[in-house]
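To start, the structure under review is shown below, and the notes come after it.
In this chain, numbering begins with 1 at the start of the sequence shown.
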Amino acid sequence: MTYRVCFVCTGNICRSPMAEAVFHARVQEAGLAGLVEVDSAGTDGWHEGDGADPRTVSVLEAAGYAGDHTARRFHASWFARLDLVVALDSGHFKALRRLAPPPPPADKVHLLRSFDPAADDLDVPDPYYGGQDGFEACLEMVEAASEGLLDAVREHVKGRAA
C-alpha cells in the first residue's frame with residue numbers, strides 16, 4: 001500500500017514545491033519510489049494553475065533537483081487519502097489542523113522542521129518577498145529536515161509491510 005505525503009505552504013509556488021522536489025529525490029535515492037507518493041499544495045488558491053516561482057526553480061535546478069509543478073489548493077477531503085500532511089510553518093500547521101476532520105486526521109499534520117533535530121525554529125520562512133538568498137536558505141532548511149522525515153516515513157512503510 002502506498003504511503004502518501006503532501007507538503008503544504010501558502011500559495012504552493014515556493015516552499016512546498018521545493019519540499020516536494022527534495023523529498024521526492026530522497027524517496028528515489030532510498031529505493032522507496034513504489035512505496036511513497038510525494039505531493040504538495042497551498043492553503044490558499046491564489047496561484048492555482050501556475051508553475052513554481054522562477055526563483056524556486058532556479059535554486060532547485062542549481063542543486064540538481066528536477067520537477068514539474070502546477071500549483072493547487074489543499075482540500076479537506078484529501079485527509080482521507082493522505083498519510084502525512086507536512087506544513088512549512090506554524091500558520092499552515094494551524095490552518096490545516098482547523099481544516100482537518102476530527103482525529104485521527106488532524107494528527108496527520110506535522111511541521112517539516114520538527115523532523116530536523118538541529119532546528120531551533122520550526123518555521124521555514126516564506127522567501128517570496130525577498131531575494132535569491134531567501135530561497136537558498138529555504139532549500140537548506142528543507143534538505144536538513146528531509147533526512148529525518150525520510151527516516152520517519154521509512155518506519156511507517158516498514159510497519160505496513162510487516
Side-chain angles (χ1 to χ4, degrees), residues 1-28 30 32-33 35-48 50 52-53 56 60 65 67 69-128 134-135 137-162:
M1 182 190 287
T2 303
Y3 189 87
R4 293 176 174 84
V5 179
C6 185
F7 295 93
V8 181
C9 70
T10 307
N12 192 216
I13 61 168
C14 296
R15 293 171 285 178
S16 58
M18 189 178 290
E20 177 185 0
V22 169
F23 196 64
H24 183 265
R26 295 295 179 274
V27 165
Q28 296 287 327
L32 299 174
L35 302 172
V36 179
E37 181 180 294
V38 184
D39 202 356
S40 68
T43 57
D44 295 298
W46 303 320
H47 299 284
E48 277 188 293
D50 294 346
D53 185 288
T56 297
L60 286 171
Y65 296 104
H69 179 74
T70 302
R72 61 200 186 128
R73 185 177 193 166
F74 187 89
H75 296 278
S77 62
W78 296 3
F79 278 106
R81 66 176 172 81
L82 293 170
D83 297 290
L84 184 61
V85 180
V86 184
L88 275 287
D89 71 27
S90 56
H92 307 129
F93 178 82
K94 291 173 189 168
L96 290 163
R97 295 288 298 233
R98 284 191 303 269
L99 191 61
D107 294 339
K108 294 179 178 182
V109 182
H110 297 272
L111 282 162
L112 176 62
R113 292 197 75 201
S114 68
F115 294 98
D116 178 1
D120 54 354
D121 180 353
L122 296 184
D123 286 351
V124 176
D126 189 351
Y128 185 77
F135 285 82
C138 181
L139 179 60
E140 289 175 17
M141 289 179 223
V142 167
E143 287 179 325
S146 290
E147 295 306 319
L149 176 58
L150 182 63
D151 290 342
V153 168
R154 188 181 282 121
E155 285 301 313
H156 285 285
V157 170
K158 192 185 310 179
R160 287 183 173 191

Notebook entry, point to check: Is Arg113 paired with Asp89 through a side-chain N to carboxylate O contact shorter than 4.0 Å?
Noted result: no
Margin query: Within this structure, what is the SG-NZ distance for the pair Cys6 and Lys108, rounded to the nearest 0.5 Å?
Written below: 11.5 Å
Next item on the list: Give the C-alpha distance, both sets of side-chain angles, the deciding distance and a yes or no for side chain to side chain contact (heavy atoms under 4.5 Å, CB included) between Val8 and Phe93.
Entry: CA-CA 9 Å; Val8 181; Phe93 178 82; over 6 Å; no
Next item on the list: Kindly indicate, with the supporting measurements, whether the criterion side chain to side chain contact (heavy atoms under 4.5 Å, CB included) is fulfilled by Val86 and Val5.
Entry: CA-CA 7 Å; Val86 184; Val5 179; 3.9 Å; yes
Next item on the list: Kindly say whether Leu88 contributes a backbone atom to a donor-acceptor pair with the side chain of Arg15 at under 3.5 angstrom?
Entry: no
Notebook entry, point to check: At what distance, to the nearest 0.5 angstrom, does NZ of Lys158 lie from CG of Leu32?
Noted result: 10.5 Å
Margin query: Strictly distance-based, threshold 3.5 Å: is any side-chain N or O of Asp116 a donor or acceptor partner for the main-chain N or O of Ala118?
Written below: yes
Next item on the list: Sort and list the pairs that fulfil side chain to side chain donor-acceptor pair (under 3.5 Å) and have at least one residue in residues 16-27, not counting sequence neighbours.
Entry: Asn12-Ser16, Glu20-Ser40, His24-Gln28, Arg26-Tyr65, Arg26-Glu147
Check: Looking at NE2 of His69 and CG of Leu60, how far apart are the two atoms once the value is rounded to the nearest 0.5 Å?
Finding: 10.5 Å
Notebook entry, point to check: Can Val153 and His156 be said to form a side chain to side chain contact (heavy atoms under 4.5 Å, CB included), step by step?
Noted result: CA-CA 5 Å; Val153 168; His156 285 285; 5.6 Å; no
Note to self: If I take atom CZ from residue Arg73 and atom NE2 from residue His47, how far apart are they, to the nearest 0.5 angstrom?
What the structure shows: 12.5 Å
Check: CG/Leu111 to CG/Asp123 distance, rounded to the nearest 0.5 angstrom?
Finding: 6.5 Å
Check: Looking only at atom types and distance, does a side-chain atom of Asp53 sit under 3.5 Å from a main-chain N or O of Cys14, one as donor and one as acceptor?
Finding: no
Check: Under 3.5 Å, side chain of Asp83 to main-chain N/O of Arg4, donor-acceptor pair present?
Finding: yes
Check: Given Phe74 and Phe79, is the ring-ring contact (aromatic ring centres under 6.0 Å, His included) satisfied, shown in steps?
Finding: CA-CA 9 Å; Phe74 187 89; Phe79 278 106; 5.2 Å; yes
Checklist line | From CA spacing to verdict: side chain to side chain contact (heavy atoms under 4.5 Å, CB included), Leu122, Leu112 | finding: CA-CA 7 Å; Leu122 296 184; Leu112 176 62; over 6 Å; no
Note to self: Using modelled atom types and a 3.5 Å cut-off, is there a donor and acceptor pairing between side-chain atoms of Ser146 and backbone atoms of Val142?
What the structure shows: yes
Item checked: Residues which pass ring-ring contact (aromatic ring centres under 6.0 Å, His included) with Phe23, listed by chain and number, not counting sequence neighbours -> Phe7
Note to self: Please check this pair: side chain of His110 against backbone of Leu84, looking for a donor-acceptor N/O pair closer than 3.5 Å.
What the structure shows: no
